[in-house]
Each structure stands twice: as C-alpha cells, then as structure tokens.
Amino acid sequence: MSSFIPFDIHCYQKLLAKFQDVFEPELINEICESGKLRSFDRDEILMDIGMVINEMPLVISGSVKIMTEDDQGDELLLYYLELGDTCAITLNCCTQQQKSSIKAITEESCELLFIPINKMDDWMVRYKSWRAFVLGSYNLRLNEMLQSIDHLVFHSMEDRVIKYLSDKAGISKSNSLKITHSQIANDLHSSRVVISRIMKKLERENKIEQRRNLVMMLDV
DNA sequence: CCATTAAGATACT
DNA sequence: AGTATCTTAATGG
C-alpha cells in the first residue's frame, strides 16, 4: 500500500488544499477512493426536477447554480455552490430517497466529486468531522434560504438585481459579467423589460456600465 | 448585406 | 412591477 496510489492525485490535492484542516487524513483518503470525479462545461444541467439522486456532489472547482422551478417551468435562483460546498437539498434528497426538487446548472466549467450515499451514513458515524461538515452545510443553506426569502419578499426588484449582480461578481471573481438582461430576469423570476429598466437606472447612477451581453460593476 | 437577437422606449395594466 | 408591442443596435454568417 506504500507505493500504490489508488486515487486521482489531482483530486487528492484539491481536497487536501480545502479540507486538510477540517477532515481527518483517513477521511480524505476515503473520499478520494470512493468518490468519482467528473468535469463539466459551463451551463450544463447536473440535475433536474424529478431526477433521482443517489450520489452526493462536492464542488472541487467552479461553481453551481441551484434553482427551483414552478409547474409552469418558471425558475428562481436559490443559491450558488462554490469550492468545498455541497448541496443540502441534495443531501436531504438522497438520504430520504426522494426525487430532486431542484435544478442544478454549472455556472462555469466545474469539477465535481460524487460520493455514493451509502458511504455517507458510514462516515457519519465514523468521522466526527464529516458529521460536522454535513450539519454545518445544512445550517449554511438554511440561513441562505432565509436570506433569499427575506430579499424576495421585503426588498424591491432593484435591490434584488443589485444583490444578484454582486453575488455573481463574487462567484466569478470578476467585475465584468457575461450576462444578458433576460437571463437575469429568468434567474430572478422577473421579465426582461423590468430588468432593462432597472439596469438603465443603475447605469445612470454610475453603479454599472454595460455593453451587449456584458455588465461591468463600478462601485466596488 | 441580412437574419437573429439583445436592449431601449412607450404605453397600458 | 409586469405585459404587449415597436424600434434600434449589435453580431455573426
């Protein structure tokens, strides 16, 4: 076992970089051994409503957009997954053996590590750090959801657009976002004209600058 | 060039 | 805020 490397080195290094202070070394080894690493391009649908999930995703690189959808197919952005994040809703889905209630789309090109659910139960009892990670992830998402609901109900469309843009800038670590007004409208469950109106206003207030398919954040 | 599509404008709900 | 409709501008073949 000394010279044999049973897993992907690249993946191992990524995990180590992110989790060496959080997970026990043996756990990191186990994650590498039983996880399957897959990479995706941008805008790939990882998961759709109604799909059955039996693996838990862990983000190794890139970011993933998590959305809900109503019966008419209208969408609403819930939150983003970044490096080291896992999706609490998926966690719930797989432990309960339910169908997915969400849709997951890659935001940039991504690498995800898929962990079989049977491992999860095992690790829950064997590793304290894993337990803490899973519970912490639930906590984080719950709070984020509450914040989203708060914004949705108590804030104006303009506030929501501003939050959306700065969230997106934070995720992509860039101030120029390649996005169209109708994409924003779709994510925020609004219409293109309304977004255009708000974007025009923000531009007049020198908060953003825009070209076709491009928005640049100014007040940073 | 022209077709397509993003974004602006205006008017009405 | 949202819808409908029209106009204008950018982009890629």
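Order of the sequence lines sets the chain letters (A, B, ...), proteins ahead of strands, with each chain counted from 1.
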Original post:
Whole-Å distance between B:dT5 C1' and A:Gln183 CD?
Top reply: 12 Å

Subject >> Spacing between A:Ile179 atom CD1 and B:dA6 atom C1', to the nearest angstrom >> reply: 13 Å

Original post:
NA contact type, A:Thr180, heavy-atom cut-off 4.0 Å: base, sugar-phosphate, or nothing?
Top reply: sugar-phosphate

**OP:** Could you tell me which residues satisfy side-chain contact (heavy atoms from CB on, under 4.5 Å) with A:Arg212, sequence neighbours excluded, listed by chain and number?
**Re:** none

**OP:** Applying side-chain contact (heavy atoms from CB on, under 4.5 Å), name anything that partners A:Asn92, two or more places apart in sequence or on another chain.
**Re:** A:Thr95, A:Gln96, A:Tyr138

**OP:** State whether the side chain of A:Thr106 and the backbone N or O of A:Glu44 hold a donor-acceptor pair below 3.5 Å, judged by distance alone.
**Re:** yes

**OP:** Applying side-chain contact (heavy atoms from CB on, under 4.5 Å), name anything that partners A:Thr180, two or more places apart in sequence or on another chain.
**Re:** A:Ser182, A:Gln183, A:Asn213

Original post:
Salt bridge between A:Glu26 and A:Arg126, side-chain N to carboxylate O under 4.0 Å?
Top reply: no

Original post:
Which class fits the ring pair A:Trp123 and A:Tyr127: parallel under 30°, tilted 30 to 60°, perpendicular over 60°?
Top reply: perpendicular

Original post:
Has the side chain of A:Ser100 got a donor or acceptor atom that lies under 3.5 Å from a matching backbone atom of A:Ile49?
Top reply: no

**OP:** Summarise protein proximity over nucleotides 8-13 of chain B in one line of letters, 5' to 3': B for base, S for sugar-phosphate only, - for none, counting protein heavy atoms closer than 4.0 Å.
**Re:** BBBB--

**OP:** Check the distance between B:dA7's C1' and A:Lys201's NZ and give it to me in whole angstrom.
**Re:** 19 Å

Original post:
What about A:Tyr164 and A:Tyr79, same hydrophobic cluster or not, with Ile/Leu/Val/Met/Phe/Trp/Tyr joined at side-chain heavy-atom distances under 4.5 Å?
Top reply: no

Subject >> ILVMFWY network linking A:Leu177 to A:Ile195, side-chain heavy atoms under 4.5 angstrom >> reply: yes

Original post:
Relative to the ring of A:Phe40, is the ring of A:Phe114 parallel (under 30°), tilted (30 to 60°) or perpendicular (over 60°)?
Top reply: perpendicular

Subject >> A:Lys65/A:Asp187 ion pair, N-O < 4.0 Å >> reply: yes

Nucleotides 10-13 of chain C: which of its N/O atoms have a protein N/O under 3.5 Å away?
from	atom 1	to	atom 2	distance (Å)
C:dA10	N3	A:Arg212	NH2	3.3

Original post:
Under 4.0 Å between a side-chain N or O of A:Ser190 and OP1 or OP2 of C:dG2?
Top reply: yes

**OP:** Would you mind reading off the distance between A:His189 atom NE2 and C:dA1 atom C1', rounded to a whole angstrom?
**Re:** 13 Å

Original post:
Does anything in residues 159-167 of chain A reach DNA chain C, meaning a heavy atom under 4.0 Å, and if so which residues?
Top reply: none

